[in-house]
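Please read the structure below before turning to the comments.
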Amino acid sequence: VQLQASGGGLVQAGGSLRLSCAASGRTFSTYDMGWFRQAPGKEREFVAGISRAGASSYYADSVKGRFTISRDNAKNTLYLQMDSLKPDDTAVYFCAATTAIRAVSSSRYNYWGQGTQVTVSS
């Protein structure tokens, strides 16, 4: 599966952004999907994940209650709604696909998108 993330940009603290990740191919619904982010000088970290049918989602503590992951299997698209953004959320955001279940480690993910920059100003 090929993935392409979009929707990043510059936003003020407290604002919102919605990221999208378009997947190619017919197998999108057979993967758990996740969002990761990487800030300058830091390791890539897990943000949120969602099960194949979208019934189950899980989040990093740092974004719980502010971010919402969702997917539309009919459109082969993954989303990340980000609300109440903070300067610490500034990073390149990546979408990824995994054959594992409820994976939070980047090493468990098989396919990656190219990343989209999110910048939150204070």
Side-chain angles (χ1 to χ4, degrees):
V1 61
Q2 291 185 326
L3 305 172
Q4 184 167 357
S6 62
L10 174 64
V11 64
Q12 288 188 332
S16 298
L17 278 176
R18 188 193 197 201
L19 305 183
S20 298
C21 176
S24 64
R26 303 177 182 177
T27 61
F28 177 69
S29 63
T30 66
Y31 295 95
D32 272 23
M33 298 296 296
W35 286 99
F36 287 77
R37 66 187 181 186
Q38 188 166 17
K42 295 187 177 181
E43 293 186 354
R44 190 169 298 189
E45 65 174 358
F46 172 80
V47 174
I50 190 166
S51 62
R52 285 152 172 78
S56 174
S57 58
Y58 39 103
Y59 300 88
D61 287 343
S62 59
V63 306
K64 202 172 294 183
R66 300 188 298 121
F67 290 11
T68 303
I69 188 172
S70 62
R71 66 191 296 166
D72 185 336
N73 286 344
K75 296 182 178 180
N76 281 3
T77 305
L78 174 73
Y79 303 99
L80 184 68
Q81 177 67 40
M82 305 186 293
D83 299 317
S84 302
L85 282 161
K86 305 174 181 179
D88 284 349
D89 295 319
T90 295
V92 177
Y93 283 71
F94 299 88
C95 56
T98 179
T99 54
I101 296 174
R102 293 188 71 86
V104 299
S105 171
S106 60
S107 65
R108 303 292 303 279
Y109 281 75
N110 309 95
Y111 303 98
W112 292 84
Q114 85 288 2
T116 184
Q117 176 71 47
V118 172
T119 303
V120 184
S121 63
S122 57

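Residue numbers run from 1 in the order of the sequence given.
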Enclosure of Arg108 CZ (heavy-atom neighbours >12, cutoff 6.0 Å): no
Single-linkage hydrophobic cluster, 4.5 Å side-chain cutoff, Tyr59 and Tyr79 together: no
Pairing residues for Phe94 by the ring-ring contact (aromatic ring centres under 6.0 Å, His included) criterion, not counting sequence neighbours: none
Which atom pairs, one a donor and one an acceptor, fall under 3.5 Å between side chains of residues 8-21 and the rest of the protein, sequence neighbours left out?
from	atom 1	to	atom 2	distance (Å)
Ser16	OG	Asp83	OD1	2.7

Closest contact, heavy atoms only, Ala5 versus Cys95: CB-SG, 4.0 Å
Lys64, NZ atom: more than 12 neighbouring heavy atoms under 6.0 Å: yes
hydrophobic_cluster_shared for Ile69 and Val118, side chain cutoff 4.5 Å: yes
Residue Gln4 excluded, over 12 heavy atoms near CD under 6.0 Å: no
Residue pair Gly7 / Thr116: nearest heavy atoms and the distance that separates them: N-OG1, 4.0 Å
Charged tip of Arg44 within 45° of Tyr109 ring normal and under 6.0 Å: no
Residues which pass ring-ring contact (aromatic ring centres under 6.0 Å, His included) with Tyr31, listed by chain and number, not counting sequence neighbours: Tyr111
By ring-ring contact (aromatic ring centres under 6.0 Å, His included) - contacts of Phe67 (at least two apart): none
Val120 backbone acceptor or donor facing Thr90 side chain under 3.5 Å: yes
Charged N-O contact under 4.0 Å between Lys86 and Asp89: no
Flag if over 12 foreign heavy atoms under 6.0 Å of CD, Gln2: no
Rounded distance (nearest 0.5 Å) linking atom OG of Ser105 with atom CZ of Phe36: 7.0 Å
Pairs where residues 45-55 contributes a residue and the test side chain to side chain donor-acceptor pair (under 3.5 Å) is met, not counting sequence neighbours: Asp32-Arg52, Arg37-Glu45
Straight-line distance of Ser70 OG to Leu80 CG, nearest 0.5 Å: 8.5 Å
Any residue meeting side chain to side chain contact (heavy atoms under 4.5 Å, CB included) with Ala22, in chain and number order, not counting sequence neighbours: none
Ser84 backbone acceptor or donor facing Arg66 side chain under 3.5 Å: yes
